[in-house]
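None of these values were measured; they are calculated from a predicted model. We number each residue from 1, following the sequence as shown.
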Amino acid sequence: MLSGCGRAEKQSIKTTLDVKVTDPNLRKLTECTARAVVDARGAFKPGTYFFNGAPIIIPENTTFSLKLETPITDPAVISTKDAVGTFRTSNQIIVGAIPVPEELSLQSGKVEAYVDFARSLSAFMINLVQLGGGSTGGMKEMIDSLELKEVDLELRPDSRFKLGKKSLHIGKGSSIKLFDAKLDSSFNYDGQFIAKLNFLNDCDWLGDKLDCEFEGGTAKVHLNARKKNGVLTLSLPKEGAECREVNMESCILRFGKNKRSQTVSKKAVLSLNKFVWEDTTKTHPTMSMDADMDLFDTDASIKTDIHHTKAHFAEEVPGRLIVKIDKSDSRYTNFVTTAPVTAREGTVTIDKTNSKVVLKLSEVSIGKVVYDKEGAMEFSLKGGIAEIEEVAWEGQGKHFVLQCGKGSTLQVPNEFLIEKQTQKGAAKVQMPMALNLGKAKLKSGENSVQLEDLVGKIILDVDKEVLIRGSLDFSLPEVDLLSGYKARVKARGIDMVVKGGTAKILLRDCTVLIPDQALEATIKERIPKEFHVVLNKKIQEEKKWRYRNAMVKEVFIKNFDIKKMATEPSDVVGFTASGEVSSNGTIEKSGIILNKNKWETKPWSMSGHVEGKGQVKYKFLKRNKSKNARLTYDLDMKVTMPDDVKLDWSKVSGGIIKIAEERAIIKRLNTVAVPVEHSGELTIFKKDAPFWRNFVISDMKEKDLPGSTQIDFQVETRM
């Protein structure tokens, strides 16, 4: 009727059409899509077709273009209700005998045209993105050629893209775009795909073997897109793939057995070397990815059944990540660092049931780190020299720390590997390390012992427990010996063991030299200045003149002073000494003429200066119940009275006869050897010195050397 009037009038027709999202992967995208844009062009086949029961006549050489922009409010449906866009044809087509304008405008859900042809074509284009293809109302038969210039999904800020346990927090300016896709007669196509993403915080990309969590970043990946026979393939171009990076801020990677290892990086950069993703409605999507994965400013915590290593890497840690997923959803993940890196600081902890050791290192070169799909771990300290700060060992609740001085170094063998030999076997490790510590401190609780000149090797021996065996040379500077002598104890080994259910530190092959002068000075210091000898010795028994039973009762020596000492063989020190001696005694006296058979006991006394020689016999010993090594000594000296002693005979007799009697008694006294004896015992090592508060001596042996005595012994902790 309208055509009979010679002029077609414009009509507004309600043109809302809903396209169900059937492709599961597109559905995950529409969950976080704010707006979809389709820009397509193509050519119609000339002829007559039927569309929804109405005939459609298409002239020769008719091309078309379609631009459609529609918001997505329901992820299950893409609707043209609020869509805007244009549809243009190069020639006027006729639908149901009514000419269709060459330009149709879609606005506010209405199209200014006579038919709903534009909305149907829009729905067809949207369906082409899905694996099911376009199947709207026979539209497929009308199209001779088609190019999707652009299908752009603008993602909604603060939305989440979810894929199982994986979740990306989408930021502003993110989009997914398919473009330059030329379709063949079966509507297969080859095109380009770009994902441009900005991430917000709290992103979780969780997997079976590897978890990645990060707090923001960007991704821009340019891929080839191909759809053929219902299979959609996204792949990285072999050449010219400039857009292939994923940047993750504050990135945490969890990996290894039970995901017990992790790295925390200020930034992680994933750069694709190879990427192929295939999706079909018949099987599980497959993926193969090979990428460089570099970590920056990283704290690493690497755990295995044997050890736990922590390290901080201020510089870049270069790595490689390989992930494969097959049609049955079987997954393979492999990560490996690709070059040695230097950790500014790090700790290696080797832990067993009752014991563990912790090495605190700095400027250490870390070699290859690998984990595979089984969660097995390889880890190596790259051969070379690292600075070592501390060796801590713990066993049965006891804790010992070897604090290393500044500039102390540790050297490990090339490519030394810490790992289980078999999956079921016990964890066994023997790790030889060369140490050059200079100064170190052996510490337990508040007690500490200074070590110096420490150099040699230690071996970490891991079997049922963690043991440390060391063939180390070191000294204990200024250890107090005997009576304040400062000596250096040299040792040639250190063991940290769990033995008999008890944790111990053993200092092996210890040696100290005690000079003769120190030994003599100590003995001299310990000898008393005064002696009291109860003699009760008769010096005259028979009667002579008018005297009998002369007896020396007591001898007192004061100001006993050793003048000269000399160490002799067979553990003897000879000496010369002097002192002030006094003695007292009694004598029985009778009368010369009268009362010559009557006896009286009279006292006498004498005093004088004496000198003489003696010796001290000494012996080093270790008693079972004593904590420390001991020195026992026995002084022996015979003192005889000199001729110039002063005799007090006043209470015996007086007068002229007194002089003769004094001479007689002095001559008798000169024949008496007064025994001066003293025995003592002292600790070799000053018992209140810090070192010996927690150690005991065992297996002590002595050896005479010219000018000194060598003491060899072992030391065992009692901390």
Side-chain angles (χ1 to χ4, degrees), residues 438-439 442 449-456 472-494 507-529 560-578 612-623 626-637 676-693 695-716:
K439 291 185 178 182
L442 187 61
V449 178
Q450 188 72 33
L451 308 179
E452 289 190 355
D453 306 323
L454 200 155
V455 63
L472 301 171
D473 288 341
F474 60 91
S475 60
L476 307 168
E478 296 187 353
V479 174
D480 290 334
L481 297 181
L482 302 175
S483 294
Y485 171 67
K486 306 290 186 181
R488 285 196 171 216
V489 176
K490 300 289 291 184
R492 297 190 60 82
I494 185 169
L507 303 183
R508 293 186 285 104
D509 302 330
C510 299
T511 297
V512 65
L513 294 178
I514 302 178
D516 291 345
Q517 295 89 334
L519 181 62
E520 294 164 5
T522 299
I523 293 175
K524 181 178 179 180
E525 182 182 286
R526 302 282 293 198
I527 292 175
K529 296 297 183 182
F560 188 79
D561 183 24
I562 295 179
K563 299 292 187 181
K564 184 179 179 182
M565 301 185 80
T567 303
E568 302 172 2
S570 303
D571 300 333
V572 172
V573 176
F575 65 87
T576 300
S578 64
K613 294 183 177 181
Q615 65 178 16
V616 176
K617 292 183 177 181
Y618 62 89
K619 185 176 183 180
F620 295 97
L621 56 85
K622 173 68 178 73
R623 293 181 176 173
S626 175
K627 180 179 179 180
N628 206 335
R630 318 291 288 183
L631 172 68
T632 62
Y633 61 91
D634 295 288
L635 179 143
D636 183 22
M637 180 179 181
V676 177
E677 298 174 342
H678 173 68
S679 295
E681 181 178 283
L682 69 152
T683 60
I684 297 176
F685 303 100
K686 195 174 179 180
K687 66 179 181 179
D688 58 350
F691 179 73
W692 306 110
R693 292 173 187 167
F695 289 86
V696 294
I697 304 298
S698 63
D699 300 331
M700 195 181 73
K701 299 176 183 178
E702 63 175 298
K703 181 180 180 180
D704 284 330
L705 297 176
S708 63
T709 301
Q710 177 177 311
I711 307 294
D712 298 325
F713 56 94
Q714 314 294 329
V715 176
E716 182 178 311

I'd like to check D634 versus V616 (side-chain heavy atoms, cut-off strictly below 4.5 Å). Are they in contact? no

Before you tell me yes or no, could you show the steps for Q710 and T511 under side-chain contact (heavy atoms from CB on, under 4.5 Å), namely the whole-Å CA-CA distance, both residues' side-chain angles and the distance that decides it to 0.1 Å? CA-CA 7 Å; Q710 177 177 311; T511 297; 3.7 Å; yes

Can you tell whether the side chains of K701 and D699 come within less than 4.0 Å, N to carboxylate O? no

d(F575 CZ, Q615 CD) to nearest 0.5 Å is 8.5 Å

Report yes if the side chains of V489 and V715 come closer than 4.5 Å at any heavy-atom pair, otherwise no. no

Are R508 and F713 packed together at the side-chain level, in the sense that at least one heavy-atom pair is separated by less than 4.5 angstrom? no

NZ/K563 to OG/S578 distance, rounded to the nearest 0.5 angstrom? 4.0 Å

Assign the ring pair Y633 / H678 to parallel, tilted or perpendicular, where the plane angle (0 to 90°) is split at 30° and 60°. tilted

Nearest-0.5 Å distance, OG1 of residue T709 to CG of residue D571: 7.0 Å

As a quick check of understanding, evaluate side-chain contact (heavy atoms from CB on, under 4.5 Å) for L519 and L631, giving each step before the final call. CA-CA 10 Å; L519 181 62; L631 172 68; 3.7 Å; yes

For T567 versus E520, what's the shortest heavy-atom pair and its separation? OG1-OE2, 2.7 Å

Is it the case that over 12 heavy atoms from other parts of the model lie below 6.0 angstrom from the CZ atom of R492? no

Rounded to the nearest 0.5 Å, the OG atom of S708 sits from the NZ atom of K703 at a distance of 10.5 Å

Enter the distance from I523:CD1 to L635:CG here, rounded to the nearest 0.5 Å. 9.0 Å

Ignoring hydrogens, what is the shortest heavy-atom contact between I711 and E702? Give both atom names and the distance. CD1-CB, 3.8 Å

Rounded to the nearest 0.5 angstrom, the NZ-NZ distance for K524 and K564 is 13.0 Å

Of the non-hydrogen atoms in Y618 and V572, which two are nearest, and what is the gap between them? CE2-N, 3.7 Å

Has E677 got a side-chain atom pairing as donor or acceptor with M637's backbone, closer than 3.5 angstrom? no

Indicate yes or no for a side-chain donor-acceptor contact from Q714 to the backbone of D509 under 3.5 Å, with no hydrogens or angles considered. yes

